[in-house]
Amino acid sequence: MKRVVYLLICLSIMACSKNDGNDKTPLSPDPDTKTDSDTPPDSDTIDTGVPNLIFPEKDQLCLDANITFNWSDATNSVSYQIQISTNRAFTGIVEDQIIDNSSLSLVMAVGQDYYWRVLSIDADNVKSAYSPDQAFYVKGEATSNYIPFNPSLTYPEQDSEVAHANVNLQWEGSDLDNDLLRYDIYLGTVQNPELFMSDLTTNTLEVSLEPNQTYHWQVHVSDGTSKSIGEIWSFRTN
């Protein structure tokens, strides 16, 4: 009889004890808690690619004034905007068109250097950034010298912020005659900077500047016969 009572007590204790954790029932998810699978994709995020310029190539000498501009197709694009200017700042625009394909034929004026760029536009009219511009020259009457192309910016990027100590100004110059190019650098904290260094034959200049200042700089390039004046660039020191 004692054994029976003892057995009943043991069974009662086992029935009232907690489980060992291996057979826990999972909690129901909070209906107000969203998981990754419940979150729809961001409909405002659109992959609009920047076109790559194909022709005219960088610093191309075009013998024919009839030019077919070509660029790569961009992701999600339905149209493109092409701009052609007589300067790298694109303040002398001679063509500004929106077209549905990645090619455009134009007759350009001869004896002139040009700069061109393209952006893509998607179905929601969202525009990409412009492609990096490229220069080309349309040959006219015979000439003994071609004017150098406008210098292009390498570093610091436009309106960027850099450390004030040992700023390495960098730019790029090119010339169809492959003449030796010499550069005059204008630098200062005023909108129209004064001459800082002249007659450089390299396309880089290391300078040490004051902190917390906005600097403006400009590069003039000469091949010994003719000169091109670059646009004014800006950056800030920290």
Is a side-chain N or O of [X] found less than 3.5 angstrom from the main chain of [Y], in a donor-acceptor match?
X	Y	value
Ser72	Pro51	no
Ser85	Gly92	yes
Gln134	Pro56	yes
Arg88	Glu231	no
Asp177	Tyr146	yes
Tyr115	Asn150	yes
Asn70	Thr68	yes
His164	Asn238	yes

pair [X]-[Y]: side-chain heavy atoms closer than 4.5 Å:
X	Y	value
Lys58	Phe136	no
Glu161	Thr237	no
Leu61	Leu176	yes
Val162	Tyr155	yes

In residues 198-210, what donor-acceptor pairs under 3.5 Å come from side-chain atoms, sequence neighbours left out?
residue: Thr202; atom: OG1; partner: Thr204; partner atom: O; Å: 3.2
residue: Asn203; atom: ND2; partner: Trp171; partner atom: O; Å: 3.1
residue: Thr204; atom: OG1; partner: Asn168; partner atom: OD1; Å: 2.6
residue: Thr204; atom: OG1; partner: Leu169; partner atom: O; Å: 3.2

Might you point out which heavy atoms bring [X] and [Y] nearest each other, and give the distance in Å?
X	Y	value
Asp179	Asp175	N-OD2, 3.1 Å
Ala65	Val110	CB-CG1, 3.8 Å
Ser77	Ala74	OG-O, 2.8 Å
Ile232	Pro193	CD1-CD, 4.2 Å

Please check if the distance between the ring centroids of His220 and Tyr183 is under 6.0 Å.
no
May I ask you to check whether Trp116 and Phe69 place their ring centres under 6.0 Å from each other?
yes
Cluster link [X] to [Y], ILVMFWY, side chain under 4.5 Å:
X	Y	value
Ile98	Leu119	yes
Tyr114	Phe55	yes
Tyr137	Val221	no
Val219	Phe196	yes
Phe149	Phe90	yes

Residue Asn212 excluded, over 12 heavy atoms near CG under 6.0 Å
yes
With rounding to the nearest 0.5 angstrom, report the [atom1] to [atom2] distance, [X] to [Y].
X	Y	atom1	atom2	value
Ser120	Lys127	OG	NZ	10.5 Å
Leu153	Gln218	CG	CD	12.5 Å
Glu157	Trp233	CD	CH2	12.5 Å
Leu104	Glu95	CG	CD	7.0 Å

With sequence neighbours excluded, what pairs up with Asp223 under the salt bridge (charged side-chain N to carboxylate O under 4.0 Å, His left out) test?
none
Verify the distance criterion only: is there a donor paired with an acceptor across the side chains of [X] and [Y] at less than 3.5 Å?
X	Y	answer
Ser79	Asp100	no
Thr91	Asn87	yes
Ser234	Asp159	no
Ser226	Asn145	yes

Do NZ/NE/NH1/NH2 and the carboxylate oxygens of Lys227 and Asp184 come within less than 4.0 Å?
yes
Using the side chain to side chain contact (heavy atoms under 4.5 Å, CB included) criterion, which residues pair with Asn178? Sequence neighbours excluded.
none
Which residue is it: Asn101, Asn52, Val50, Ile82? I am looking for the one with a side chain to side chain contact (heavy atoms under 4.5 Å, CB included) to Trp71.
Ile82
